[in-house]
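Remarks on the structure that follows.
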Amino acid sequence: MELRQLRYFVTLAEELHFGRAARREHIVQSGLSQQIQRLERELGVLLFERSTHHVALTASGAAFLGEARQILALVERATLVARSAVGASPTVRVGIIDSGYDSMPQILYEVQARHPDLVIHQTEAGVPEQYQQLADGRLDVGIGRATMAPPEVASTLFRQDPLGVLVPNGHPFAELEGIPVATLAREPLLLAEAKQAPEFNQFVVEMCREAGFTPTVYEGTVGSIRAAADLVAQGRCLYCVPSSCIAALPGIMWRPLVDPVSYYPWSILWRADDESDHVRTIVSCAQAMSGRLGWLATTDQPAG
């Protein structure tokens, strides 16, 4: 068994499409297929179910996937350790949710100021995917709401972020200093893509239910803040976001939600057994910035 076979297997398991997986690995599709077949022969199990228009993991393939990811992550970490031993720059892999949020960029700016030799690699991923990548070693640090974190992921709360709503210019809400949560009952609300941000959708829906209504959910979905802002600007829906969202986009404005005021909890995430210096550095910078900027101060009891 070769490491490249494991890498090809993981890529195909993520894409579930031979053409896309081959393009990611920069090899021809037939070559990828041959390597997967060779790996299956060596293991003595079928990893994928294949048909003309369908590729799916078998039960054996799903079980093998987690182990394969851990092996590749350990090899990558071993490579980084070896390079650092001969003077290479230290490296940290950080998960971010969306470039439209400002918490992690501010933290990493301070980390970089303190440690200019630290090489930071940022990966955009939803919180569930960050949990997986932290657990199997592909990420060192993440960010998100920690309520659904598995036992192997540690967290520390660093920001209680006032929740508000993006509204289009000219909307009646745009004239209000604060928007009562109950008034959202009359508006279609856009939610995040379910697999990408279930913890955020849960927070918004629970907030609405506590205000006495079930939200009318806009049927479309988006994968980024900017895509959501486009729909809001078109007058199709409203979108709840914390104040840390960069809302200075054409055609929209952010207004805080009141009655009640709600705070979205941001936490730094990392592997519970990782005590490395770069992880401690990011956690300590987040805590220091939180104290300096008053990120944990609230004027009301946070919801969730």
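Excluded from the calculations below are hydrogen atoms, water molecules and symmetry mates; all remaining heavy atoms, backbone and side chain alike, are included.
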Practice task
Evaluate the side-chain contact (heavy atoms from CB on, under 4.5 Å) criterion for residues Met253 and Asn169: first the C-alpha distance (whole Å), next the side-chain angles of each, then the deciding distance (0.1 Å), finally the verdict.
Solution key: CA-CA 7 Å; Met253 58 185 63; Asn169 295 343; 3.1 Å; yes
Problem - Backbone N/O of Phe173 and side chain of His171: donor-acceptor pair under 3.5 Å - result: yes
Handout entry: Minimum heavy-atom distance between Cys237 and Leu190, given as atom pair plus value
Key = SG-CB, 3.7 Å
Exercise for the section: Return yes when atom CZ of Arg24 has more than 12 non-hydrogen atoms of other residues, nucleotides or ligands closer than 6.0 Å, and no otherwise. Expected result: yes
Exercise for the section: Kindly indicate whether the side chain of Arg271, heavy atoms from C-beta on, has any atom under 4.5 Å from the side chain of Glu152. Expected result: no
Problem - Test item: Val55 and His17 side chains (from C-beta on) under 4.5 Å apart, heavy atoms - result: no
Exercise for the section: Decide yes or no on side-chain contact (heavy atoms from CB on, under 4.5 Å) for Val217 and Leu189, but give the supporting numbers first. Expected result: CA-CA 5 Å; Val217 177; Leu189 289 183; 5.9 Å; no
Problem - Hydrophobic cluster identity match, Tyr8 and Val28, side-chain contacts under 4.5 Å - result: no
Practice task
Group every Ile, Leu, Val, Met, Phe, Trp and Tyr by side-chain heavy-atom contacts under 4.5 Å, then state whether Val167 and Leu176 land in the same group.
Solution key: yes
Practice task
Go through the steps for Val165 and Val241 under the test side-chain contact (heavy atoms from CB on, under 4.5 Å), then give the verdict.
Solution key: CA-CA 6 Å; Val165 63; Val241 290; over 6 Å; no
Fill in the blank from the handout: Residue set satisfying salt bridge (Lys or Arg N to Asp or Glu O under 4.0 Å) with Arg186, at least two apart, ordered chain then number -> none
Problem - Any Phe64 side-chain heavy atom under 4.5 Å of Leu39 side chain - result: yes
Problem - Thr147 side, atom OG1; Gln202 side, atom CD - distance, nearest 0.5 Å - result: 5.5 Å
Handout entry: Passing candidate, side chain to side chain donor-acceptor pair (under 3.5 Å) with Arg7, options Glu25, Gln35, Glu2
Key = Glu25
Practice task
Heavy atoms only: give me the nearest Leu65-Ala13 pair and the separation to one decimal.
Solution key: CD1-CB, 3.7 Å
Exercise for the section: Check whether any side-chain N or O of Arg93 sits under 3.5 Å from a backbone N or O of Gly137 as a donor-acceptor pair, and report yes or no. Expected result: yes
Handout entry: Distance (rounded to the nearest 0.5 Å) between Glu49 CD and Leu16 CG
Key = 11.0 Å
Practice task
Answer yes if Ile97 and Tyr109 sit in the same cluster of Ile, Leu, Val, Met, Phe, Trp and Tyr residues linked by side chain heavy atoms under 4.5 Å apart, and no otherwise.
Solution key: no
Problem - Exercise: identify the closest heavy-atom pair between Arg145 and Val127 - result: O-CG1, 4.0 Å
Handout entry: Check: Ile225 main-chain N/O paired with Asp98 side-chain donor or acceptor under 3.5 Å
Key = yes
Exercise for the section: Check whether any side-chain heavy atom of Cys285 sits under 4.5 Å from a side-chain heavy atom of Val111, and report yes or no. Expected result: yes
Practice task
Taking only Lys NZ, Arg NE, NH1 and NH2, and the carboxylate oxygens of Asp or Glu, determine whether Arg292 and Glu110 approach each other closer than 4.0 Å.
Solution key: yes
Exercise for the section: Drop me the distance from Gln5's CD to Leu32's CG, to the nearest 0.5 angstrom. Expected result: 11.0 Å
Completion exercise
What one should report as the nearest heavy-atom pair of Lys195 and Pro198 is O-CD, 3.8 Å
Problem - Close side-chain approach of Pro162 and Ser243, heavy atoms under 4.5 Å - result: yes
Handout entry: Nearest heavy atoms of Phe18 and Ser33, plus distance in Å
Key = CE2-CA, 3.9 Å
Practice task
Answer whether the closest heavy-atom distance between the side chains of Val181 and Met207 falls below 4.5 Å.
Solution key: yes
Practice task
Would you sort out whether Arg159 and Asp102 count as a salt bridge (charged side-chain N to carboxylate O under 4.0 Å, His left out), showing the intermediate values?
Solution key: CA-CA 12 Å; Arg159 187 169 189 173; Asp102 69 10; 3.0 Å; yes
Practice task
Measure the shortest side-chain to side-chain distance between Val205 and Pro215 over non-hydrogen atoms and say whether it is less than 4.5 angstrom.
Solution key: yes
Practice task
Can you establish whether the number of heavy atoms outside Phe213 located under 6.0 Å from its atom CZ is more than 12?
Solution key: yes
Practice task
Please lay out, stage by stage, how Leu231 and Tyr218 fare under the test side-chain contact (heavy atoms from CB on, under 4.5 Å).
Solution key: CA-CA 10 Å; Leu231 287 177; Tyr218 180 75; 3.8 Å; yes
Exercise for the section: Kindly compute the distance separating OG (Ser290) from CG (Leu296), expressed to the nearest 0.5 Å. Expected result: 3.5 Å
Exercise for the section: Flag the pair Thr183 / Asp259 as yes when at least one side-chain heavy-atom distance between them is below 4.5 Å, and no otherwise. Expected result: no
Handout entry: Under 3.5 Å donor-acceptor, Asp136 side chain and Arg138 backbone
Key = yes
Fill in the blank from the handout: Taken to the nearest 0.5 Å, the spacing of Ser60 OG from Phe48 CZ works out to 11.5 Å
Exercise for the section: Spell out, yes or no, whether Phe9 and Val75 are grouped together once hydrophobic residues are joined by side-chain heavy atoms under 4.5 Å, including indirect joins. Expected result: yes
Practice task
Please check if any side-chain donor atom of Arg23 sits under 3.5 Å from a side-chain acceptor atom of Gln29, or the reverse.
Solution key: no
Practice task
For the residue pair Gln234 and Asp230, confirm or rule out a side-chain donor-acceptor distance under 3.5 Å.
Solution key: no
Fill in the blank from the handout: Pro168 and Ala174 have their tightest heavy-atom pair at O-CB, 4.1 Å
Practice task
Keeping the roles fixed (side chain from Asp140, backbone from Val92), state whether a donor-acceptor pair exists under 3.5 Å.
Solution key: no
Exercise for the section: Without swapping roles, check the side chain of Gln130 against the backbone of Ile143 for a donor-acceptor pair under 3.5 Å. Expected result: yes
Exercise for the section: Look up atom CH2 in Trp266 and atom CG in Asp161, then write down how far apart they are to the nearest 0.5 Å. Expected result: 7.0 Å
Handout entry: Polar side-chain atom of Trp295 near backbone of Ala286 as donor-acceptor pair, under 3.5 Å
Key = no
Practice task
Answer with yes or no whether the side chains of Glu15 and Thr11 bring together a donor and an acceptor at under 3.5 Å.
Solution key: no
Practice task
Consider only side-chain heavy atoms of I, L, V, M, F, W and Y, link residues closer than 4.5 Å, and tell whether Leu157 and Tyr263 are in one cluster.
Solution key: no
Practice task
For Glu129 and Gln133, test the side chains for any donor-to-acceptor distance below 3.5 angstrom and give the result as yes or no.
Solution key: yes
Exercise for the section: Taking Thr58 for its side chain and Leu46 for its backbone only, find out whether a donor-acceptor pair lies under 3.5 Å. Expected result: yes
